[in-house]
Amino acid sequence: MKIATWNINGIKARIDNLPKWLREAEPDVVCLQEVKSIDENFPTAVFEDMGYSVAVHGQKSFNGVAILSKHAIEDVRRGLPGDDEDVQARYIEARITVEDLSVRIAGIYLPNGNPLGTEKFTYKLAWMKRLEAHARSMLQGEEAFLIAGDYNVIPEPEDCRKPDNWLDDALYQPESRDAYRQLLHLGFTDALRATNAAPETYTFWDYQAGAWNKNNGIRIDHMLLSPQAADLLQTCAVDKHTRAWEKPSDHVPVWVKLAAKTAASSMPSGDALTSQPV
DNA sequence: ATGCCTTGTCGCACAAGA
């Protein structure tokens with residue numbers, strides 16, 4: 001089961017690149033962020049024609065998240081619990097089942113939080129608290145669960161090319177990084193870190209100042225796996241090449257492959273060995 | 001460097017992003 005996340009920075013602007021990448025990467029599920037569209041204007045038919053089901057939690061002009069899936073999208077939750085006043089479309093969650101593997105998938109667009117010293121940063125930290133609370137309750141279900149998306153957090157110095165450039169930025173504040181670590185410490189696995197990704201693996205390069213050509217990137221799109229999901233992790237990778245396409249998003253896709261444990265693989269190896277003919 | 005791009009908007013410049 002291949003599950004991806006991609007901040008596409010506008011579904012209308014990416015109406016060529018997203019299908020192109022779907023045909024190439026063939027994910028079972030993709031969580032999209034910054035669709036920047038109301039539900040009614042989302043080009044659902046384009047993706048249904050490609051065999052995807054679509055669930056959208058949209059908003060006019062800004063934010064907006066969606067899930068595309070080759071398999072049925074069940075039990076959809078739109079919006080992050082914990083604040084009825086919050087109208088920003090940044091959270092969507094659903095259960096998707098492929099053969100004998102059922103996974104609960106959350107797609108998030110965590111607030112940017114800039115500039116510091118404003119209510120935007122306060123909102124970011126409050127949103128992260130709510131995410132932690134919701135994640136804590138989800139973990140009690142002890143099912144395969146993952147939170148994929150644009151976290152707008154640079155977890156560690158190694159996750160950006162030039163840490164000094166980010167010292168006054170909400171993405172790299174100690175409070176932001178602490179909140180991310182608290183989430184991790186509930187028991188999540190950072191899929192990319194767990195698969196020994198190469199140094200300088202980034203997911204975002206600013207449109208400005210030639211950031212892409214200079215590889216001045218940051219890693220802010222993450223896939224956090226519950227213990228039950230982490231047990232199934234096969235691969236995690238970043239599709240960096242899409243950043244070089246015409247009319248690119250400033251983010252690139254991140255994806256994991258999860259595989260259900262078979263009866264054979266969960267059986268003690270001694271039994272398997274002794275049952276083999278010599 | 002309050003800039004640099006890119007997106008969406010009841011545009012005709014602006015807010016927001018990171």
Side-chain angles (χ1 to χ4, degrees), chain A residues 5-21 31-43 46 56-66 86-91 107-125 127-128 131 148-177 179-180 200-222 238 240 242-254:
Chain A
T5 176
W6 194 7
N7 179 324
I8 53 172
N9 188 17
I11 185 63
K12 297 178 194 72
R14 232 55 65 201
I15 200 59
D16 293 324
N17 275 359
L18 178 54
K20 176 180 177 180
W21 174 76
C31 300
L32 301 174
Q33 300 90 39
E34 279 203 271
V35 300
K36 296 185 174 179
S37 166
I38 58 174
D39 295 6
E40 293 75 16
N41 291 346
F42 193 92
V46 170
V56 182
H57 181 39
Q59 178 183 337
K60 186 177 178 180
S61 305
F62 305 115
N63 309 320
V65 288
D86 185 2
V87 295
Q88 299 191 34
R90 297 178 174 275
Y91 187 94
I108 70 166
Y109 176 45
L110 203 150
N112 172 302
N114 281 307
L116 298 178
T118 68
E119 60 185 23
K120 293 194 174 191
F121 189 57
T122 308
Y123 174 66
K124 176 182 192 142
L125 296 179
W127 204 94
M128 294 185 80
L131 180 62
D150 177 357
Y151 281 71
N152 270 318
V153 174
I154 302 167
E156 301 294 338
E158 68 199 87
D159 295 314
C160 56
R161 183 64 176 269
K162 298 180 179 179
D164 288 352
N165 287 3
W166 299 92
L167 293 176
D168 296 324
D169 196 287
L171 279 61
Y172 196 57
Q173 283 313 288
E175 295 95 326
S176 309
R177 295 171 57 198
Y180 179 82
E200 300 191 345
T201 296
Y202 306 128
T203 66
F204 170 93
W205 295 260
D206 201 295
Y207 288 124
Q208 304 181 68
W212 167 245
N213 288 327
K214 291 186 269 191
N215 194 28
N216 184 12
I218 54 180
R219 188 175 76 98
I220 55 175
D221 300 271
H222 308 299
V238 173
K240 181 179 180 179
T242 61
R243 187 62 179 78
W245 285 356
E246 289 294 317
K247 206 170 166 57
S249 170
D250 40 7
H251 296 250
V252 298
V254 182

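Only heavy atoms go into these numbers, but all of them, side chains included; no hydrogens, no water, no symmetry mates.
- Remark: C1' of dT7(B) and NE2 of His251(A) are 12 Å apart, rounded to the nearest angstrom.
- In this structure, CD1 of Ile8(A) is placed 9 Å from P of dG8(B), rounded to the nearest angstrom.
- Among the protein residues, Asn152(A) comes within range of the sugar-phosphate backbone only, with heavy atoms under 4.0 Å from sugar or phosphate atoms but none that close to a base.
- Distances from the side chain of Tyr207(A) to the nucleotides dC5(B), dA16(B), dA18(B) place dC5(B) closest.
- Look at CD on Gln173(A): it is 16 Å from P on dA18(B), rounded to the nearest Å.
- Using a 4.0 Å heavy-atom distance criterion, Asn41(A) is classed as making no nucleic acid contact.
- A donor-acceptor contact shorter than 3.5 Å is absent between the side chain of Tyr109(A) and the backbone of Ala89(A).
- The interatomic distance linking Asn63(A) (CG) with dT9(B) (C1') rounds to 15 Å, in whole Å.
- Using a 4.0 Å cut-off, no side-chain N or O of Lys36(A) falls inside it from OP1 or OP2 of dT9(B).
- Closest approach of Tyr202(A) to Arg219(A), counting heavy atoms only: CD2-N, 4.0 Å.
- Taking the P atom of each, dT6(B) and dC10(B) are spaced 23 Å apart, rounded to whole Å.
- In this structure, Ala209(A) and Asn7(A) both approach DNA chain B, and ranking their closest nucleotides by distance from the 5' end singles out Ala209(A).
- To the nearest whole angstrom, the two C1' atoms, one in dC14(B) and one in dT2(B), are 15 Å apart.
- To the nearest angstrom, P of dA1(B) lies 12 Å from CG of Asp168(A).
- By the 6.0 Å contact criterion, CG on Asp168(A) is open, its count of non-hydrogen atoms from other residues, nucleotides or ligands being 12 or less.
- Proximity note for Lys120(A) (side chain, C-beta onward) versus dC4(B), dA18(B), dA16(B): the nearest is dA16(B).
- Within 4.0 Å (heavy atoms only), Tyr172(A) reaches no atom of the nucleic acid at all.
- Put simply, the side chain of Arg243(A) gets close to the backbone of Trp205(A): a donor and an acceptor are under 3.5 Å apart.
- Between the P atom of dA16(B) and the CD atom of Gln59(A) lies a distance of 12 Å, rounded to the nearest Å.
- Look at the P atom in both dA15(B) and dC4(B): the space between them is 14 Å, to the nearest Å.
- OP1 or OP2 of dA18(B) lies within a sub-4.0 Å distance of a side-chain N or O belonging to Asn112(A).
- Where Asp169(A) and Gly210(A) meet DNA chain B, the nucleotide closest to each residue was compared, and Gly210(A) sits on the side nearer the 5' end.
- A donor-acceptor contact under 3.5 angstrom links the side chains of Tyr123(A) and Asp86(A), judged on distance only.
- On the P atoms, dG3(B) is 15 Å away from dG17(B), given to the nearest whole Å.
- Rounded to a whole Å, the CZ atom of Phe62(A) is 5 Å from the C1' atom of dA16(B).
- At the phosphate of dT7(B), OP1 or OP2 sits under 4.0 Å from a side-chain N or O atom of Arg14(A).
- Of the listed nucleotides (dT7(B), dA18(B), dC10(B)), dC10(B) has the atom at the smallest distance from the side chain of Lys60(A).
- For the pair Ser176(A) and Val153(A), the tightest heavy-atom approach, listed with the atom from each and the gap, is O-CG1, 4.0 Å.
- Following rounding to the nearest Å, Asp206(A) (CG) and dG3(B) (P) show an atom-to-atom distance of 12 Å.
- Ranking dA18(B), dG8(B), dC10(B) by closeness to the Tyr109(A) side chain, first place goes to dA18(B).
- Closest to the side chain of Ser61(A), from the set dG8(B), dG17(B), dA16(B), is dG8(B).
- Distance noted for atom P between dT7(B) and dA18(B): 14 Å (whole Å).
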